[in-house]
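Okay, structure first, notes after.
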Amino acid sequence: MKREFRLRKTADFQRVRAGKQSWAHPLLVLYVAPSDVGLTRAGIVVGKRVGGAVVRNRVRRRIREALRLRHADLPPGYDLVFIAREPSARAAWSELRAAVDRLLRRAKLLKQFNS
RNA sequence: CCAGGAGGGAGGGCGACCGCUCGGGCGAAAGCCUGAGAGGAAAGUCCGGACAGCACAGAGCGAGGUGCCCGGCGCAAGCCGGGGUCGGGAGACCGACGGACAGGGCCACAGAGACGGAGUCUGCGCGCGCUGCGCGCAGGGUGAAACGCGGUAACCCCCACCUGCUGCAACCCCAAGCAUGGCCGUCGACGCUGCUCGCCGAGGCCAGGGUAGGGGGCACCUGCCGCGAGGCGGGAAGGGCGCCACUCGGUGCCCUGAGAUAGAUGGUCGCCUGAAACAGAAUCCGGCUUACUCCCCUCCUGGAGCG
RNA sequence: CGGGGUGUAGCGCAGCCUGGUUAGCGCGCGUCGUUCGGGACGACGAGGUCCCCAGUUCAAAUCUGGGCACCCCGA
């Protein structure tokens, strides 16, 4: 996922999380807010409770990869913030990918897919 | 062969598909091609240095750190070599180290008594003004320790050596310009009013924090080949292992350099035998400590077997 | 990344600097009393790896070193 599709600034994260549009899953939480930039931008938050630096990096990279596989199917103009919960450290790749898909569908950003 | 001790090495490889950051080439652009891309501990942040800002005549005090002896490197911590004492082990080997006649403080409970002045019980001996007292010797009991000028400096302290304070979120620069301040041949209102002037508001110009934004700090120099990134060499710097000198040092070989900024170095598989553990750079370098895997090498100790 | 702090009973804290006495206080908990019953009150009582591992010392919650967890501050 290239830099222009990422959320970069603290103000962006605060705006999306203040929008109160959120969906929860045992592994992840998704916040969504419309943006005036005509792109789908995303940020990933992995707190210290999830684990050490190696674990946090792995979780973030897996979420980013799962999101990258769906990026082309998402309608532009929205900012997303994914927050990893503690069990995501022990989740397998397939579970994490399913969680991302499920949250995107529930947020009505992704239509039914037969993946 | 088994058990153990010391030191050192290694910390996955190959392939497929899809990706990320930085650099380079081509291109008007989208993009395409191409080079490089985490560790031995990157960790904990326990120390030191470089670097930066501030402070600073010199000296002293305070505060902090280190501590057997000799030698080497280093400002110092620390590391290396040799030696010593004590403790552990059958051994190889491992662990701990200044000073208690410079001074002060503390030593609960038990005990007569915890250290300067006293003094318990029993026995023996001697003396006397003899139901006892005094002196001397030995022993018992309490306690970690009992008169032995005890123990405690990981209590203050003494001795020797060292140290300014704060830290890359340091610090420097840039554009925008808010708070605020200054100036004005401008306009309006008010005060005395004839002007000057004072004052308030608007306007213009200038300066301009802090925060937020961007950049630097931030990764050495150079010859050849290549369009270039880069590759192969050379040099400097730092580190490791040697050799010669042992006062400055000289010299040979080897290793190292990625540069993100909501933060790249990956995701999913297949094979290698069944690839496993601890774990992710954030200014850089060195030391210490802690975490940990499948193995490999060298030397040594003890035991068993065979010749 | 850098700097600083805190871990003691179910909860909130004291004790640590200056080592020793029984590890204490409030709330909570249990039993009994009081009341027709409850609350309040009174009496008695239970409950502690003093975060963990080493070391110094006769003796460690306290001193020293090393870990672990949590919290705060700095552009």
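So you know, we letter chains A, B, ... as the sequences are listed, proteins then strands, and number each from 1. All of these numbers come straight from a predicted model, not from anything done at the bench.
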*Using the P atom on both, measure B:A10 against B:G48 and round to a whole Å.*
31 Å
_Atom C1', compared across B:C20 and B:G13: separation rounded to whole Å_ = 23 Å
*Roughly, in whole Å, what's the span from CZ in A:R56 to C1' in B:G280?*
10 Å
*asked:* Under 4.0 Å from OP1 or OP2 of B:G266: is there any side-chain N or O of A:R68 that close?
replied: no
_Whole-Å distance separating the CD1 atom of A:I44 from the C1' atom of B:U261_ = 16 Å
*asked:* Whole angstroms only, please: what is the CZ-C1' distance between A:R97 and B:G267?
replied: 11 Å
*Taking for each residue the nucleotide of RNA chain B with the nearest heavy atom, is it A:G43 or A:R58 whose nucleotide lies nearer the 5' end?*
A:G43
*Using the P atoms only, state how far B:A282 lies from B:U265, rounded to an integer number of Å.*
16 Å
*For B:A112, is chi within 90° of 0 (syn) or not (anti)?*
anti
_side-chain hydrogen bond (donor to acceptor under 3.5 Å, both in side chains) against A:E95, all qualifying residues, sequence neighbours excluded_ = none
*asked:* Tell me the closest heavy-atom pair linking A:A33 and A:V16, and the distance in Å.
replied: CB-CA, 3.9 Å
*How would you label the contact of A:V45 with the nucleic acid (heavy atoms, under 4.0 Å): base, sugar-phosphate, or nothing?*
base
*Between B:A275 and C:U6 - C1' atom distance, rounded Å*: 44 Å
*C1'-based separation of B:C288 from B:U293 [nearest Å]*: 24 Å
_Nearest-Å distance for atom pair CD/C1', residues A:E95 and B:U268_ = 15 Å
*For the side chain to side chain contact (heavy atoms under 4.5 Å, CB included) test, which of A:V59, A:V50, A:V29, A:V46 pairs with A:R85?*
A:V29
*asked:* By nearest atom, which of the nucleotides B:A262, B:A281, B:A264 is closest to the A:R64 side chain?
replied: B:A264
*What integer distance in Å separates A:N57:CG from B:A42:P?*
18 Å
_Euclidean distance, A:L96 CG relative to A:L28 CG, rounded to 0.5 Å_ = 5.5 Å
*asked:* Need one value for A:R60: base, sugar-phosphate or nothing, where a base atom within 4.0 Å counts as base even if backbone is also close, heavy atoms only.
replied: sugar-phosphate
*Quick one: classify the glycosidic conformation of B:A36 as syn or anti, with syn meaning within 90° of 0.*
anti
_Using a heavy-atom cut-off of 4.0 Å across all strands, would you classify A:R61 as base, sugar-phosphate, or nothing?_
base
*Please give, in whole Å, the distance from B:A262 P to A:I83 CD1?*
17 Å
*asked:* For the P atoms, the ones on B:C254 and on B:A236, what distance do you get once it is rounded to whole angstrom?
replied: 15 Å
*Salt bridge check: are A:R62 and A:E65 linked by an N-O gap of less than 4.0 Å?*
no
_Please give the distance between the C1' atoms of B:C284 and C:C63 as a whole number of Å._
38 Å
*asked:* I want to verify the glycosidic state of B:G111; is it syn or anti under the 90° rule?
replied: anti
_Base-pairing mate for B:A275 - Watson-Crick or G-U, with both contacts under 3.5 Å_ = none
*Say you pick atom P in C:G5 and the same atom in B:G105; how far apart are they, in whole Å?*
33 Å
_Atom-to-atom span, CD1 of A:I63 to C1' of B:A262 - whole angstrom_ = 13 Å
_My understanding is that a pair needs two contacts under 3.5 Å, Watson-Crick or G-U wobble. By that rule, which nucleotide pairs with B:A96?_
B:U85
_Stacking check A:W93 vs B:G267 (5.5 Å / 30 deg)_ = no
*Just how far, in rounded Å, is P of B:C18 from CZ of A:R70?*
18 Å
*Inter-residue atom distance A:L27.CG - A:I83.CD1, 0.5 Å rounding*: 14.0 Å
*Residue pair A:Y78 / A:P34: nearest heavy atoms and the distance that separates them*: CD2-CA, 3.9 Å
*asked:* Of the options B:A264, B:A281, B:G266, whose atoms approach the side-chain atoms of A:E65 most closely?
replied: B:G266
